[in-house]
Amino acid sequence: MLKRVDQEIYWRIKQEQEKQRSVINLIASENYVSKAVLQAVGSVMTNKYAEGYPGNRCYGGCQFVDMIEEIAIERARKLFKVEHANVQPHAGSQANMAVYFATLQPGDRILAMNLRAGGHLTHGREANFSGKLYRCFFYNVSRETEKIDYEEVARIARKESPKLIICGASSYPRIIDFAAFARIAQEVGALLMADIAHISGLVATGLHPSPGPWCDFITSTTHKTLRGPRGGMILCRKQYAQAIDSAIFPGLQGGPLLHVIAGKAVAFKEAMSPAFSVYQRQVLNNAFILSKELEKRGYRLVSGGTDNHLFLLDLRKVGLTGLEAEKALERVGIIVNHNPIPYDPLPPSITSGIRLGTAAVTTRGMGENDMVQIAEWIDAALKKREKCQIQQQLSRQIRRFAREFPVQPAD
Ligand code: DSN
């Protein structure tokens with residue numbers, strides 16, 4: 001039908017599908033949803049308006065969308081062992097925004113991880129609404145260990161008295177000690193929010209400590225390691241339920257995307273299965289092997305390694321910028337993103353590093369031996385980037401290899 005109605009869009013989707021099949025995707029924040037999730041997101045639920053919450057909507061005819069949203073909420077609560085879940089945020093940014101709107105007044109103080117140390121745009125960056133509306137202070141990682149220095153976080157918290165402390169990151173390869181953050185928040189009388197957008201799949205399966213017992217609020221996207229549709233969610237204690245729900249609606253969103261909420265519900269169900277735990281364990285094994293294989297080939301790992309699904313390579317020793325590496329790898333069909341490393345001397349548009357993650361390749365069924373092969377290809381693509389013939393040969397090999405691993409199981 002789409003082909004008949006709109007050739008332009010149809011062929012772009014086909015091209016994207018073809019590209020997804022033909023490349024090795026190491027973007028740490030991406031993944032591939034199951035056919036079941038895809039079907040839910042592409043369903044008639046997109047036709048329905050349902051501003052409000054189950055049982056209390058601004059429109060009639062909500063009996064089935066109510067059931068879907070209730071199921072999604074129940075599953076999220078069970079999966080993350082929390083008292084309250086809001087599954088309506090359109091994205092991680094809206095989830096974070098709702099927590100700020102529920103707890104802060106303009107001008108209030110936030111303490112969060114610096115973007116250049118691994119934090120996120122919505123954790124107080126000047127150019128973002130968070131940096132414009134609130135007074136933001138930042139902690140870095142230690143220069144020596146490149147890990148969070150909890151003493152330093154405590155020192156800044158005591159000095160600046162933030163109303164909200166944010167833990168959680170976009171490019172931090174280590175375990176986050178939520179209990180340590182909770183001690184600091186308690187000492188200075190701050191609320192604590194964990195943004196687990198990257199690690200929510202690991203948290204759901206117990207492979208990363210849960211912020212549940214320690215944090216007032218947990219925000220996440222649903223499409224990274226959690227492998228659901230593109231979207232966000234907020235988890236919190238019951239005492240904040242009302243404030244969070246009204247911050248989302250009517251505070252900052254209108255009609256919820258019920259087709260996406262249906263997809264989230266399916267993803268939560270998938271995440272409760274034993275197979276999902278096996279998958280997450282493999283994500284970790286793959287990240288460990290890929291990082292170690294690259295280290296063996298002369299690349300420095302930021303913080304010396306990884307405890308989660310992602311790691312950062314410092315490329316200064318091999319004489320490349322992050323942007324050059326990203327482009328060289330893309331030419332042969334390996335997709336990564338250039339990423340600042342801690343205390344990066346280069347601007348964010350260039351950077352000295354790249355970020356690599358294994359959630360997407362693991363979904364396609366790649367294992368440890370494949371990681372060794374991928375490390376070899378990354379090394380060759382970067383070190384022999386001037387050699388046209390070698391690049392062409394790599395391109396062909398990578399394309400052939402990638403196409404052996406379906407993007408969705410029934411591909
Ligand atoms: N763009 C996401 C990431 O790559 O981590 C965060 O918003």
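Order of appearance sets the numbers: ligands from 1, and atoms from 1 within every ligand. The structure presented is a predicted model; accordingly, all values stated were derived computationally and were not measured. Excluded from the calculations below are hydrogen atoms, water molecules and symmetry mates; all remaining heavy atoms, backbone and side chain alike, are included.
Among the candidates K264, E69, Q94, Q253, the single residue satisfying the side chain to side chain donor-acceptor pair (under 3.5 Å) test with Q88 is E69.
At a 3.5 angstrom cut-off on N or O pairs, H198 counts as close to ligand 1.
The side-chain tip of R143 points at the ring of Y343 from less than 6.0 angstrom away and within 45° of straight on. Under a cutoff of 6.0 Å and an axis angle of 45°, R227 and Y279 form a cation-pi pair.
From the protein, the heavy atom lying nearest to atom 2 (C) of ligand 1 is K224 CE, 3.9 Å. The single protein non-hydrogen atom nearest to atom 6 (C) of ligand 1 is H120 NE2, 3.3 Å, given as residue, atom name and distance. Counting only heavy atoms of the protein, atom 1 (N) of ligand 1 lies nearest to S29 OG, 4.4 Å.
Close contacts of ligand 1 with R355, meaning ligand atoms under 4.0 Å from a residue heavy atom, involve 3 (C), 4 (O), 5 (O). Of all atoms in ligand 1, numbered sequentially from 1 with element shown, those under 4.0 Å from a heavy atom of S170 are 3 (C), 5 (O), 6 (C).
Classified by interplanar angle (parallel below 30°, tilted 30° to 60°, perpendicular above 60°), the ring pair F401/W377 is perpendicular.
Minimum interatomic distance between E146 and R300 (heavy atoms only, all atoms of both residues): OE2-NH2, 2.8 Å.
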